[in-house]
2 protein chains.
Amino acid sequence: METLNAIEALGALSQETRLEAFRTLVRHEPEGLPAGEIARHLSVPQNTMSTHLAILVNAGLAVSRREGRSVVYRARLATMEGLVSYLLKDCCQGQACLPTIETTKGQCR
Amino acid sequence: METLNAIEALGALSQETRLEAFRTLVRHEPEGLPAGEIARHLSVPQNTMSTHLAILVNAGLAVSRREGRSVVYRARLATMEGLVSYLLKDCCQGQACLPTIETTKGQCR
DNA sequence: TCGATATATCGAGAATTATGGAAACATTAA
DNA sequence: TTAATGTTTCCATAATTCTCGATATATCGA
């Protein structure tokens with residue numbers, strides 16, 4: 001991942017509503033969730049949510065597909081993987097790598 | 001790491017000057033670098049840099065110590081580790097864990 | 001003490017982002 | 001068609017963030 005993509009992803013995730021939306025999408029993998037349900041779930045007006053979802057999509061952290069009247073969003077975990085990899089490798093020059101893997105790998109599924 | 005701390009760290013890193021400053025600090029571990037040198041290095045006015053450094057410190061991503069007339073900043077890799085761990089475990093429910101570790105661990109030092 | 005150097009804080013303008021009402025668009029069912 | 005439903009886009013306002021000149025603070029050496 002390039003620095004500019006990383007900045008965009010970091011910016012997308014650094015907002016409470018969007019971070020919660022992303023987490024919600026992760027919990028609903030792999031089926032995804034319609035925009036309206038995400039909005040209801042987070043108690044946010046649907047047009048506001050729509051704007052936030054567009055930002056997540058733009059950052060590569062989500063994708064959408066139309067399904068009838070609904071637009072179903074899914075998390076894109078590959079981008080999160082790329083972001084984390086960027087933070088550990090390029091940003092930290094591998095210096096945060098080993099301890100992070102050590103403290104994290106027990107929680108993997 | 002709590003969600004609110006994560007949002008603060010994400011926000012701190014989602015700005016070009018600050019991300020570059022952090023990367024610069026990582027490259028200068030473990031000695032650290034005086035504020036003025038960071039500013040010069042990134043061609044940013046010293047007061048602007050000072051503001052950005054304060055934001056990094058506030059997010060726990062840097063620490064400072066006075067050394068004579070200078071204030072020397074160091075990266076706090078533990079916070080980065082915590083952030084990455086949060087992203088992989090809590091945010092992604094461990095779903096991004098294994099692939100990320102797989103693609104990253106070869107680059108660790 | 002004073003002057004020089006290094007950094008932080010203040011304050012204000014510019015730029016960006018967040019928010020949500022209203023309207024437009026898309027899809028379905030009748 | 002038309003009405004109902006789900007979503008996005010448009011637009012304006014509010015809030016936040018960025019930037020940097022001017023000034024204040026801290027430290028040092030003379």
Side-chain angles (χ1 to χ4, degrees), chain A residues 3-25 28 31-76, chain B residues 3-25 28 31-76:
Chain A
T3 294
L4 287 186
N5 302 325
I7 287 178
E8 194 161 18
L10 290 164
L13 293 173
S14 71
Q15 205 274 350
E16 200 166 351
T17 303
R18 284 196 298 264
L19 183 58
E20 281 314 308
F22 180 79
R23 284 163 59 107
T24 302
L25 291 181
H28 286 81
E31 333 83 66
L33 212 58
E37 281 195 48
I38 305 171
R40 226 167 301 125
H41 198 273
L42 303 188
S43 308
V44 169
Q46 54 85 205
N47 59 347
T48 301
M49 193 69 253
S50 179
T51 302
H52 284 310
L53 287 170
I55 289 169
L56 285 174
V57 168
N58 224 281
L61 288 162
V63 289
S64 68
R65 64 176 192 276
R66 180 167 283 277
E67 210 161 88
R69 271 178 284 217
S70 298
V71 176
V72 176
Y73 284 82
R74 277 192 63 182
R76 239 169 76 74
Chain B
T3 294
L4 287 186
N5 301 324
I7 286 178
E8 194 161 19
L10 290 164
L13 294 172
S14 70
Q15 207 273 350
E16 199 166 352
T17 303
R18 284 195 300 264
L19 183 58
E20 280 315 309
F22 181 80
R23 284 163 57 108
T24 302
L25 291 181
H28 286 81
E31 334 83 67
L33 211 59
E37 281 195 46
I38 306 171
R40 228 167 299 126
H41 198 272
L42 303 188
S43 307
V44 169
Q46 66 80 207
N47 59 347
T48 301
M49 193 69 255
S50 178
T51 302
H52 284 309
L53 289 170
I55 290 169
L56 285 174
V57 168
N58 225 279
L61 287 161
V63 288
S64 68
R65 65 175 190 276
R66 180 168 283 277
E67 209 159 89
R69 271 176 285 214
S70 300
V71 176
V72 176
Y73 285 83
R74 277 192 63 182
R76 240 170 75 74

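Chain letters run A, B, ... following the sequence lines, proteins first, then strands; residues in each count from 1.
A salt bridge does not link A/Glu37 with A/Arg40: none of the charged nitrogens is closer than 4.0 Å to a carboxylate oxygen.
Nearest nucleotide to the B/Ser70 side chain, out of C/dT7, C/dA8, C/dA22: C/dT7. Considering only the side chain of B/Val71, C/dA8 comes nearest among C/dA8, D/dT19, C/dA18. Nearest nucleotide to the A/Gln15 side chain, out of D/dT19, C/dA18, C/dA8: C/dA18. Each of C/dT5, D/dC18, D/dC20 was ranked by its minimum atom distance to the side chain of B/Arg18; first place goes to D/dC18. For B/Ile55, whose side chain is taken as the heavy atoms from C-beta onward, the closest listed nucleotide among D/dC18, C/dA6, D/dT9 is D/dC18.
Where A/Arg69 and A/Ala54 each meet DNA chain D at their nearest nucleotide, the meeting point lying more 5' is that of A/Arg69. Nearest-nucleotide mapping onto DNA chain C: of A/Gly68 and B/Thr51, the residue sitting toward the 5' end is B/Thr51.
The one candidate from A/Val72, A/Leu53, A/Val71 that meets the side-chain contact (heavy atoms from CB on, under 4.5 Å) condition with A/Ser64 is A/Val71.
Nucleotide C/dT17 holds its P atom 14 Å from the CG atom of A/Leu10, rounded to whole Å. In this structure, A/Leu33 places its CG atom 14 Å from C1' of D/dG6, rounding to the nearest Å. Taking atom CG of B/Leu19 as the reference point, atom P of D/dC18 lies 13 Å away to the nearest angstrom. Between the CD atom of B/Glu37 and the C1' atom of C/dA6 there is a distance of 11 Å, rounded to whole Å. The distance between atom CG of A/Asn47 and atom P of D/dC10, rounded to the nearest whole Å, is 13 Å.
Residues B/Leu13 and A/Leu10 come closest through the heavy atom pair O-CD1, 3.5 Å. Contact detail for B/Arg65 and B/Glu67: the closest heavy-atom pair is NE-OE2, 2.8 Å.
Under 4.0 angstrom from either OP1 or OP2 of C/dT19 there lies at least one side-chain N or O belonging to A/His52. At the phosphate of D/dG6, neither OP1 nor OP2 sits under 4.0 Å from any side-chain N or O atom of A/Arg66. At C/dA6, none of the side-chain N or O atoms of B/Tyr73 fall inside 4.0 Å of OP1 or OP2 (strictly under the cut-off). Taking 4.0 angstrom as the limit, B/Thr48 places none of its side-chain polar atoms (N or O) nearer than this to OP1 or OP2 of D/dT19.
Using a 4.0 Å heavy-atom cutoff across all strands shown, B/Arg40 reaches no nucleic acid atom at all.
Side-chain atoms of A/His28 and A/Ile38, non-hydrogen and from C-beta on, never get closer than 4.5 Å to each other.
In the interface, the side chain of B/Gln46 is paired with the base of C/dA8 through a donor and an acceptor atom under 3.5 Å apart.
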